[in-house]
Visitor: 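I have a structure I would like to understand better, so I am pasting it below and will then ask my questions one at a time.
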Amino acid sequence: MTASDDQPLVPRPAATVMLLRDTADGIAVFLMRRHAKMHFAAGTMVFPGGGVDDRDRNADIAWAGPAPDWWAQRFGIEPDLAEALVCAAARETFEESGVLFAGPADDPDGIVGDASVYRESRHALARGELSFADFLRRENLVLRSDLLRPWANWVTPEAERTRRYDTYFFVAALPQGQRADGENTESDSAGWTTPQAAIDDFAAGRCFLLPPTWTQLDSLAGRTVADVLAVERQIVTVQPNLEIQGDNWVFEFFDSDRYHQARKAGGMGWRH
């Protein structure tokens with residue numbers, strides 16, 4: 001679907017999760033590279049995540065941790081959308097990385113230690129054959145919303161004429177005993193890196209980061225996982241301006257000078 005010349009697309013709500021763990025080299029984050037043939041953001045480095053879909057809305061999902069009203073207040077949105085976003089964040093992270101923010105329904109403090117035992121359900125979720133609520137119910141699990149924290153909100157610029165997202169960023173520590181992988185249909189590589197290493201790779205032309213990803217990595221650099229989880233972020237919606245300069249799209253936002261300095265150092269462009 002495309003927009004008319006004078007009417008921007010309505011952004012679709014989306015959730016993305018920055019998975020974190022502490023290492024000897026400092027905090028590490030899980031990143032994936034989108035397939036070059038993807039229609040949107042091909043070849044870019046991204047966090048696990050995706051759009052809210054019908055399975056995430058009015059899901060009657062088994063839930064433990066801060067309620068939708070708490071999330072709604074933090075993000076400045078309605079509770080029904082907040083519930084759908086948290087559900088989408090957990091579902092997409094499981095589908096794309098195999099990490100599951102859930103625990104036994106009969107143990108409020110328990111967390112799944114080995115999510116690989118749910119591999120077939122993970123594939124069914126990714127194919128759209130199973131809802132996250134039904135999966136949790138079938139396995140006697142509850143979504144652990146307390147494992148997630150709100151972090152940021154970015155909206156795709158109005159000038160984007162193919163698809164737009166209203167993306168809510170979450171942070172979460174990798175649950176003990178679980179592992180993250182890149183076994184999904186949307187990425188061709190995945191792994192752990194320090195935020196600074198990813199930022200340096202972008203500046204050296206070894207990878208491409210869109211402004212929201214670059215900005216979140218910059219916000220994580222130099223912290224520990226405990227530092228990040230303790231932060232009470234004031235969520236302010238960011239919607240960059242997007243202009244054409246020559247053959248390239250140019251994003252303008254609150255820290256765009258630093259971003260473009262790094263982009264140009266790496267010889268990177270976002271061609272239209």
Side-chain angles (χ1 to χ4, degrees), residues 11-23 26-32 41 44-52 56 65-79 81-94 96-97 99-101 143-156 164-175 180 192-199 202 209-240 251 253-256 258-259:
R12 176 186 177 188
T16 190
V17 177
M18 296 183 285
L19 281 173
L20 308 174
R21 69 179 188 185
D22 287 317
T23 73
I27 195 171
V29 62
F30 187 75
L31 282 172
M32 308 181 301
T44 61
M45 304 301 293
V46 297
F47 309 111
V52 170
D56 305 315
D69 285 346
W70 184 91
W71 289 95
Q73 183 179 25
R74 297 310 187 279
F75 278 130
I77 55 179
E78 294 300 315
L81 176 57
E83 180 178 15
L85 285 165
V86 174
C87 184
R91 175 183 57 76
E92 287 280 352
T93 301
F94 184 45
E96 295 192 348
S97 75
V99 172
L100 181 59
F101 302 120
L143 187 159
R144 287 286 304 270
S145 75
D146 57 321
L147 300 181
L148 296 156
R149 301 287 190 279
W151 196 255
N153 174 215
W154 282 62
V155 181
T156 308
R164 298 181 65 218
Y165 292 99
D166 184 0
T167 303
Y168 293 82
F169 287 79
F170 298 77
V171 292
L174 178 71
W192 293 91
T193 181
T194 66
Q196 191 60 54
I199 290 169
F202 174 57
L209 301 171
L210 284 172
T213 310
W214 179 88
T215 303
Q216 306 324 312
L217 290 169
D218 189 57
S219 72
L220 296 174
R223 300 177 185 259
T224 65
V225 173
D227 291 339
V228 171
L229 297 183
V231 171
E232 293 189 12
R233 294 271 284 190
Q234 179 67 39
I235 309 300
V236 177
T237 301
V238 179
Q239 181 175 298
F251 296 88
F253 59 100
F254 64 89
D255 207 8
S256 55
R258 290 180 59 226
Y259 172 79

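Note that the numbering runs from 1 along the sequence shown for the chain.
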Visitor: Please determine whether ring pair (Phe, Tyr, Trp, His ring centres under 6.0 Å) holds for the pair Tyr165 and Trp154, giving the CA-CA distance in whole Å, both sets of side-chain angles, and the decisive distance to 0.1 Å.
Guide: CA-CA 8 Å; Tyr165 292 99; Trp154 282 62; over 10 Å; no
Visitor: Taking the side chain as everything from C-beta on, heavy atoms only, tell me whether Val86 gets closer than 4.5 Å to Pro68.
Guide: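 No, their side chains stay 4.5 Å or more apart.
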Visitor: Suppose the criterion is salt bridge (Lys or Arg N to Asp or Glu O under 4.0 Å): which pairs have a residue in residues 83-94, not counting sequence neighbours?
Guide: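 Qualifying pairs: Asp53-Arg91, Asp56-Arg91, Arg91-Glu95.
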Visitor: With a 4.5 Å cut-off on side-chain heavy atoms, are Pro150 and Arg233 touching?
Guide: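 Sidechains of Pro150 and Arg233: no contact.
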Visitor: Tell me whether Tyr259 contacts the main-chain N or O of Leu209 through its side chain, where contact means a donor paired with an acceptor under 3.5 Å.
Guide: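 The answer is yes, because a donor-acceptor pair under 3.5 Å joins these two groups.
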Visitor: Indicate whether any N or O donor in one side chain lies under 3.5 Å from an N or O acceptor in the other, for Thr224 and Asp22.
Guide: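 Side chains of Thr224 and Asp22: no pair found under 3.5 Å.
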Visitor: Do Met18 and Gln216 have side chains that get closer than 4.5 Å, going by heavy atoms?
Guide: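 Side chain of Met18 against side chain of Gln216, heavy atoms only: contact under 4.5 Å found.
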Visitor: Would you check if there is a donor-acceptor pair between the side chains of Thr215 and Asp218 at a distance under 3.5 Å?
Guide: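 No pair is found: no donor N or O on one side chain lies under 3.5 Å from an acceptor on the other.
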Visitor: Would the distance check show the side chain of Arg12 and the main-chain N or O of Asp166 forming a donor-acceptor pair, the cut-off being under 3.5 Å?
Guide: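 Here the side-chain-to-backbone pair does not exist.
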Visitor: Counting distance only, does the side-chain N/O of Arg149 pair as donor-acceptor with the main-chain N or O of Leu229 below 3.5 Å?
Guide: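 Checking the backbone N and O of Leu229 against the side chain of Arg149, a donor-acceptor pair under 3.5 Å is found.
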Visitor: Got a sec, which residues hit ring-ring contact (aromatic ring centres under 6.0 Å, His included) with Phe101, two or more places apart in sequence or on another chain?
Guide: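 So Phe101 forms no ring-ring contact (aromatic ring centres under 6.0 Å, His included) with any residue.
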Visitor: Would a line drawn from the ring center of Trp151 to the ring center of Tyr168 be shorter than 6.0 Å?
Guide: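 No - the distance between ring centres of Trp151 and Tyr168 does not fall below the 6.0 Å cut-off.
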Visitor: Counting C-beta onward and ignoring hydrogens, is there a side-chain heavy-atom pair between Trp71 and Asp69 closer than 4.5 Å?
Guide: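 A side-chain contact is absent here, since even the closest heavy-atom pair is not under 4.5 Å.
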Visitor: Would you say the side-chain atoms of Glu96 pair up with the backbone N or O of Gly49, donor to acceptor, closer than 3.5 Å?
Guide: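 A pair under 3.5 Å: yes.
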Visitor: Under the side chain to side chain contact (heavy atoms under 4.5 Å, CB included) rule, what do Leu148 and Val171 come out as? Steps first, then yes or no, please.
Guide: CA-CA 6 Å; Leu148 296 156; Val171 292; over 6 Å; no
Visitor: Give the minimum heavy-atom separation between Pro13 and Leu85, together with the two atoms involved.
Guide: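 Looks like CB-CD2, 4.4 Å.
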Visitor: Taking Arg164 for the side chain and Thr156 for the main chain, is one N or O donor matched with an acceptor at less than 3.5 Å?
Guide: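 Flag set: sc Arg164 to bb Thr156 pair under 3.5 Å.
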Visitor: Apply side chain to side chain contact (heavy atoms under 4.5 Å, CB included) to residues Phe170 and Phe75 and explain how you reach the verdict.
Guide: CA-CA 11 Å; Phe170 298 77; Phe75 278 130; 3.7 Å; yes
Visitor: Kindly give the heavy-atom pair with the smallest separation between Pro211 and Phe253, and that separation in Å.
Guide: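 Closest pair (atom of Pro211, atom of Phe253, distance): CB-CE2, 3.4 Å.
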Visitor: Using the side chain to side chain contact (heavy atoms under 4.5 Å, CB included) criterion, which residues pair with Thr16? Sequence neighbours excluded.
Guide: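 Phe47, Thr167, Phe169.
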Visitor: Backbone N or O of Pro66 within a donor-acceptor pair of the Ser145 side chain at under 3.5 Å?
Guide: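 The answer is yes, because a donor-acceptor pair under 3.5 Å joins these two groups.
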Visitor: Please report the interatomic distance CG(Asn153) to OG1(Thr237), rounded to the nearest 0.5 Å.
Guide: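 Those atoms lie 4.0 Å apart.
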Visitor: For the atom pair CZ (Arg223) and CD1 (Ile27), what is the distance rounded to the nearest 0.5 Å?
Guide: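 If we round to the nearest 0.5 Å, Arg223:CZ and Ile27:CD1 are 8.5 Å apart.
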